[in-house]
2 protein chains.
Amino acid sequence: MAAAEDKGTRILVRTITDLARLAGVSPGTVSRALAGKSLVNTQTREKIEALAREHGFRPNQMASGLRRQKTGVIGVAIPLGHDTRQQISDSFFMTLLGFLADELTTHGYDLMLRRVVPGDDADWLDRFIGSGMIDGVIVIGQSDQFERIEEVADGYRSMVVWGNHQEGQRHCVVGTDNRLGGRLAAERLIAGGARRIAFVGDTGPMEFAARFAGAQDVAVRMGLPAVLPLATHLSPDRASEEIASHLAAYGRSIDGIFAATDTLAALCLTELRAQGLSVPDDVKLVGFDDLPIARQTIPPLTTVRQDIAAGARGLVDLLLRRLGGETTESLVLPPELVVRETA
Amino acid sequence: MAAAEDKGTRILVRTITDLARLAGVSPGTVSRALAGKSLVNTQTREKIEALAREHGFRPNQMASGLRRQKTGVIGVAIPLGHDTRQQISDSFFMTLLGFLADELTTHGYDLMLRRVVPGDDADWLDRFIGSGMIDGVIVIGQSDQFERIEEVADGYRSMVVWGNHQEGQRHCVVGTDNRLGGRLAAERLIAGGARRIAFVGDTGPMEFAARFAGAQDVAVRMGLPAVLPLATHLSPDRASEEIASHLAAYGRSIDGIFAATDTLAALCLTELRAQGLSVPDDVKLVGFDDLPIARQTIPPLTTVRQDIAAGARGLVDLLLRRLGGETTESLVLPPELVVRETA
DNA sequence: AGGAATCTTGCAATCGTTTGCAAATGAGTC
DNA sequence: GACTCATTTGCAAACGATTGCAAGATTCCT
């Protein structure tokens with residue numbers, strides 16, 4: 001056994017032509033045999049497959065991709081519009097990325113990851129698409145690039161975006177109904193007795209803007225004072241100081257906080273405690289995402305759940321459909337309020 | 001301007017040959033001009049560059065890669081040996097991945113991500129390498145594949161692995177000195193007064209085994225009872241039940257816990273509280289990693305810090321060196337004890 | 001002006017795989 | 001045994017960019 005394997009691997013068979021020579025057939029036949037086409041005689045195929053296995057032959061995907069004009073690779077772009085540093089280590093995006101990797105693998109695709117800083121080059125999306133390396137692209141988060149994505153979508157079909165859905169937009173998007181999520185959060189705060197609500201987070205990115213707007217909807221409908229936006233960055237180190245100073249200024253004049261993400265909510269919890277405010281008695285708090293951390297805070301976070309796994313499935317499903325030529329609608333997932341102890 | 005652009009983009013220029021026709025030169029010249037070689041006349045180059053820009057031309061990376069036998073892509077493999085599901089969403093690996101993406105981008109490389117389940121196919125690493133799509137590979141975590149990686153390393157130089165370093169191993173590895181980290185953790189627990197220490201986590205993976213061994217070193221040296229291993233899975237949902245039952249059984253007979261990761265430590269904190277044990281008074285607790293969550297628990301976690309950014313830099317640096325033909329030693333990073341309030 | 005030296009450029013082969021077409025083989029029919 | 005028809009194979013041209021070689025164009029010298 002060991003001897004046979006030795007003998008087998010002695011000759012280096014790197015190309016389909018090497019293998020063809022060994023099998024005594026033409027390269028074309030080898031290609032067809034390995035591709036599993038029906039045109040090849042069963043015995044020939046078996047012989048070729050055996051040799052391929054024996055020598056550990058793997059067809060060169062570059063060459064194959066070039067010839068077939070498809071690569072079996074899906075690009076995943078993470079635009080870091082605002083708040084450049086660290087966003088890629090944002091839990092939510094990373095979790096989504098994990099599920100995407102699973103899902104793409106399941107469908108036989110590889111995943112090419114690219115961080116992009118749109119400020120540095122306006123061309124990021126075209127460059128990625130035009131590289132010839134990917135069959136399609138999933139953009140994680142619209143960041144501040146909504147317009148750029150719209151433009152590209154007009155001329156390129158093989159793209160799906162994670163983000164917020166807007167009436168009449170041209171690109172295919174998968175995402176949670178953020179506005180509805182915002183409403184659920186605000187309703188919960190108000191039902192618990194909150195009257196003066198603050199929104200902690202950056203209202204720049206569309207998703208967050210929609211969450212804020214949803215909360216505002218409810219405040220208006222209930223005849224309460226407008227929701228107070230308290231701007232922060234996303235990365236924990238910067239955000240925690242910002243939250244501290246916001247709370248120092250407004251902590252005693254509000255009784256409900258809707259945080260743009262669970263990460264921010266957890267920080268709020270820490271800072272509220274530091275300022276001697278108790279949750280949920282003095283201030284009620286609702287987060288967004290339902291990341292693992294939401295269960296581990298003290299007290300555990302009431303939050304608005306996004307179904308990340310379903311999101312990943314949706315992204316991949318729609319993209320594959322589009323690769324197949326179908327036209328697809330956007331997919332808006334329903335958020336779900338998860339009641340724990342902070343509101 | 002708009003008109004010119006219109007006129008410019010009217011003709012589709014997809015290949016270097018299209019562009020050559022437009023510029024009135026041969027494809028070879030265009031190739032040289034865009035590659036910035038010195039052999040091209042300055043005026044010709046400028047003309048070609050202008051046309052390329054105007055028409056948004058991007059050379060096909062597949063073709064280029066095929067011809068030059070290098071792709072500009074680095075593969076990142078995440079083997080999921082034990083505990084298949086969810087490990088990819090493990091915070092530590094994800095954070096490392098984020099830094100890797102940064103670092104590779106900075107050096108002009110793209111990143112191809114591949115989840116692998118070695119149980120399903122023993123061939124995973126060869127397949128990835130042999131695909132012809134990547135110039136080199138970074139393996140994140142040895143999982144239970146130490147031997148497989150060693151074998152591959154004998155015949156393939158362009159590989160660097162994140163993980164634990166063992167005396168005399170043949171593959172180039174970057175990682176924290178886990179054993180030393182384990183010692184630091186145990187020393188801290190003992191200095192605080194702990195005598196009967198438990199280790200929470202799976203001792204199967206090498207990194208964790210080394211952490212456990214480090215703690216054991218100290219227990220032995222101090223003449224204390226052996227460290228009690230309490231096995232758990234890595235994913236929070238399964239781990240939290242397991243921890244609960246472990247603590248129900250042993251909670252009152254131990255006074256110090258060293259958790260294999262911060263994620264597990266955070267769960268311990270929750271479960272300890274649930275069982276009416278106070279931290280650090282009844283039980284002292286030390287984590288590992290210093291993830292963002294370590295700062296957000298109540299009380300904040302004392303933990304052993306791994307410098308993830310330095311790790312990513314090291315991985316990329318060593319890999320690029322190896323691509324350049326150098327021979328490189330492994331890089332072992334020092335862990336650092338971060339004292340907060342749990343021990 | 002003639003010739004050598006230097007710059008630019010084009011030609012054509014190459015990277016490794018796929019695939020349309022046609023040739024070759026074999027089976028089946030009358 | 002001649003013929004049709006289906007299988008199986010080989011041939012050679014793609015895919016798009018790169019690069020060694022040689023030819024053409026300039027420049028510079030004496």
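Letters go in sequence order (proteins before strands), and every chain restarts at 1. Keep in mind it's a predicted model, so treat the numbers as computed, not measured.
Across A:Tyr156 and A:Gly136, no two heavy atoms sit closer than the pair OH-CA, 3.5 Å. In terms of heavy atoms, B:Val161 sits closest to B:His171 at CG2-CD2, 3.7 Å.
With rounding to whole Å, A:Gln43 atom CD is found 13 Å from C:dG26 atom P. Rounding to whole angstrom units, CD1 of residue A:Ile16 and P of D:dA12 are separated by 18 Å. Going from atom CZ of A:Arg45 over to atom P of D:dT8 covers 9 Å, rounded to whole Å. Between the CZ atom of A:Arg21 and the P atom of D:dG10 there is a distance of 14 Å, given to the nearest Å. Distance CG (A:Leu34) to P (C:dG16): 16 Å, rounded to an integer number of Å. Rounded to a whole Å, the CZ atom of A:Arg14 is 14 Å from the P atom of C:dT14.
Looking at heavy-atom distances under 4.0 Å, B:Ser31 makes contact with a base. Within the 4.0 angstrom heavy-atom criterion, no nucleotide atom of any strand lies near B:Val30.
With hydrogens and angles ignored, a donor-acceptor pair closer than 3.5 Å exists between the side chain of A:Arg32 and the base of D:dG10. For A:Arg67 and C:dT18, a side-chain-to-base donor-acceptor distance below 3.5 Å is present, hydrogens and geometry of angles not being considered.
The side chain of B:Arg68 sits closest to D:dT19 out of D:dA17, C:dT17, D:dT19. The side chain of B:Thr29 sits closest to C:dT9 out of C:dT9, C:dT17, D:dG10.
The phosphate of C:dG10 (OP1 or OP2) has a side-chain N or O of B:Ser26 nearer than 4.0 angstrom. Side-chain nitrogen and oxygen atoms of A:Gln69 include none within less than 4.0 Å of the OP1 or OP2 phosphate oxygen of C:dT18.
With rounding to the nearest 0.5 Å, the separation of CD in B:Gln61 from CG in B:Asp110 is 6.5 Å. Taken from CD in B:Glu46 to CG in B:Asn41, the straight-line distance is 9.0 Å, to the nearest 0.5 Å. Expressed to the nearest 0.5 Å, how far CG of B:Leu51 lies from CZ of B:Phe57 amounts to 11.5 Å.
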Sort me out a list of protein N/O and nucleotides 5-8 of chain C N/O pairs below 3.5 Å, or just none if empty.
none

